[in-house]
Amino acid sequence: QVQLVESGGGSVQPGGSLRLSCVTSGLNLDYSVIGWFRQAPGKEREGVSAISSSTRDVIYAQSVKGRFTISRDNAENTVDLQMNNLNSEDTGVYYCAAGGVHTLRGSRYDYWGQGTQVTVSS
């Protein structure tokens with residue numbers, strides 16, 4: 001059974017940082033693309049970042065480039081998202097997902113976590 005569990009969300013002031021973690025089980029991380037997505041209230045789900053199975057290719061949404069960094073540790077079955085210089089537009093529920101295509105399109109992912117809330121507010 002494939003499971004993805006996110007952690008690390010919370011409340012932070014603008015300009016602050018958070019590090020999200022996605023722990024996976026039941027899948028071979030060596031062959032899986034892992035993506036991070038977010039959804040703000042009243043908005044559609046948005047792809048934030050994705051990292052390929054080789055760990056060499058990463059994708060970032062334009063809105064987070066230069067502020068967010070995705071990384072993976074296949075031995076520990078984890079994928080992290082370091083988020084710096086957060087602003088109110090980054091508020092939302094963040095999900096990690098596993099799939100086979102290196103893309104920010106959520107429809108191409110097969111397995112999803114339950115999400116973790118990130119709130120950026122002064």
Side-chain angles (χ1 to χ4, degrees):
Q1 182 180 359
V2 176
Q3 285 190 318
L4 295 90
V5 180
E6 304 94 338
S7 63
S11 296
V12 65
Q13 292 185 341
S17 299
L18 284 173
R19 188 176 184 88
L20 305 183
S21 290
C22 174
V23 179
T24 71
S25 61
L27 58 80
N28 189 334
L29 211 57
D30 290 337
Y31 300 100
S32 298
V33 175
I34 302 296
W36 281 97
F37 298 80
R38 66 187 181 189
Q39 187 165 21
K43 293 187 178 181
E44 292 187 355
R45 183 180 61 197
E46 173 191 20
V48 174
S49 183
I51 187 166
S52 69
S53 56
S54 71
T55 78
R56 296 175 183 177
D57 295 329
V58 296
I59 306 172
Y60 295 102
Q62 190 62 39
S63 59
V64 306
K65 276 184 179 179
R67 301 187 299 121
F68 290 13
T69 303
I70 191 171
S71 61
R72 67 191 293 162
D73 185 337
N74 287 2
E76 296 294 329
N77 295 320
T78 60
V79 176
D80 291 346
L81 185 68
Q82 177 66 42
M83 307 187 297
N84 298 327
N85 194 21
L86 288 161
N87 59 62
S88 59
E89 296 294 311
D90 297 315
T91 294
V93 179
Y94 283 69
Y95 302 88
C96 66
V101 179
H102 196 213
T103 177
L104 292 181
R105 292 177 59 186
S107 61
R108 301 307 300 270
Y109 287 77
D110 303 309
Y111 304 100
W112 293 80
Q114 83 290 348
T116 185
Q117 176 70 45
V118 171
T119 302
V120 184
S121 174
S122 56

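Along the sequence shown, residues are numbered consecutively beginning with 1.
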Exercise. Any side-chain heavy-atom pair from Tyr95 and Leu4 closer than 4.5 angstrom?
Worked result: no
For this session: Keeping the roles fixed (side chain from Glu6, backbone from Gln114), state whether a donor-acceptor pair exists under 3.5 Å.
Result: yes
Exercise. Below 4.5 Å, heavy atoms only, C-beta onward: do Thr91 and Arg38 meet side chain to side chain?
Worked result: no
Exercise. Is the backbone of Val33 close enough, under 3.5 Å, to the side chain of His102 for a donor and an acceptor to pair up by distance?
Worked result: no
Exercise. Is it the case that more than 12 heavy atoms not belonging to Arg108 sit under 6.0 Å from its CZ atom?
Worked result: no
Problem set entry | Criterion side-chain contact (heavy atoms from CB on, under 4.5 Å) on Ile70 and Val79, from CA distance to verdict | CA-CA 7 Å; Ile70 191 171; Val79 176; 3.9 Å; yes
Exercise. What heavy-atom pair brings Ser122 and Pro14 nearest, and what distance separates the two atoms?
Worked result: N-CD, 3.7 Å
For this session: Evaluate the ring planes of Phe37 and Trp112, with Trp represented by its six-membered ring, and classify them as parallel (under 30°), tilted (30 to 60°) or perpendicular (over 60°).
Result: tilted
Problem set entry | Heavy-atom pair with the smallest gap, counting every atom of Ser32 and Asn28 | OG-O, 3.1 Å
Problem set entry | Between Gln82 and Asn84: side-chain donor-acceptor atoms closer than 3.5 Å | yes
Exercise. Hey, any chance Tyr60 and Leu86 share a hydrophobic cluster, counting ILVMFWY side chains that come within less than 4.5 Å of each other, even indirectly?
Worked result: yes
Problem set entry | With Lys43 via salt bridge (charged side-chain N to carboxylate O under 4.0 Å, His left out) - residues at least two apart | Glu89
Problem set entry | Cluster overlap Val23 with Ile34, hydrophobic side-chain contacts below 4.5 Å | no
Exercise. Arg45 and Ser107: which non-hydrogen atoms are nearest, and at how many Å?
Worked result: NH2-N, 4.1 Å
For this session: Without swapping roles, check the side chain of Arg72 against the backbone of Ile51 for a donor-acceptor pair under 3.5 Å.
Result: yes
For this session: Find the distance between OG (Ser7) and CG (Asp80) and round it off to the nearest 0.5 Å.
Result: 8.0 Å
Problem set entry | Gap between atom CG of Leu81 and atom OG of Ser71 - 0.5 Å precision | 8.5 Å
Exercise. So with a 6.0 Å cut-off around CZ of Arg19, is the heavy-atom count from everything else above 12?
Worked result: yes
Problem set entry | Shortest non-hydrogen contact from Ala98 toward Leu27 | CB-CD2, 3.6 Å
For this session: Look only at the side chain of Tyr109 and the backbone of Cys96, and say whether a donor-acceptor pair between them is shorter than 3.5 Å.
Result: no
Exercise. Does some side-chain heavy atom of Met83 sit less than 4.5 Å from a side-chain heavy atom of Arg67?
Worked result: no
Exercise. What residues, two or more places apart in sequence or in another chain, satisfy ring pair (Phe, Tyr, Trp, His ring centres under 6.0 Å) together with Tyr94?
Worked result: none
For this session: Find out if a path of hydrophobic residues (ILVMFWY) with successive side-chain heavy-atom gaps under 4.5 Å connects Val12 to Phe68.
Result: yes
Exercise. Can you name the residues that form a salt bridge (charged side-chain N to carboxylate O under 4.0 Å, His left out) with Glu76, not counting sequence neighbours?
Worked result: none
Exercise. If every non-hydrogen atom of Ala61 is compared with every non-hydrogen atom of Gly47, which pair is closest and at what distance?
Worked result: CB-O, 3.4 Å
Exercise. For the hydrophobic clusters of this structure (ILVMFWY residues joined by side-chain heavy atoms under 4.5 Å, transitively), does one cluster hold both Trp36 and Val101?
Worked result: no
Exercise. Is the backbone of Cys22 close enough, under 3.5 Å, to the side chain of Thr78 for a donor and an acceptor to pair up by distance?
Worked result: no
Exercise. Side-chain heavy atoms under 4.5 angstrom apart, residues restricted to Ile, Leu, Val, Met, Phe, Trp, Tyr: same cluster for Tyr111 and Leu20?
Worked result: yes
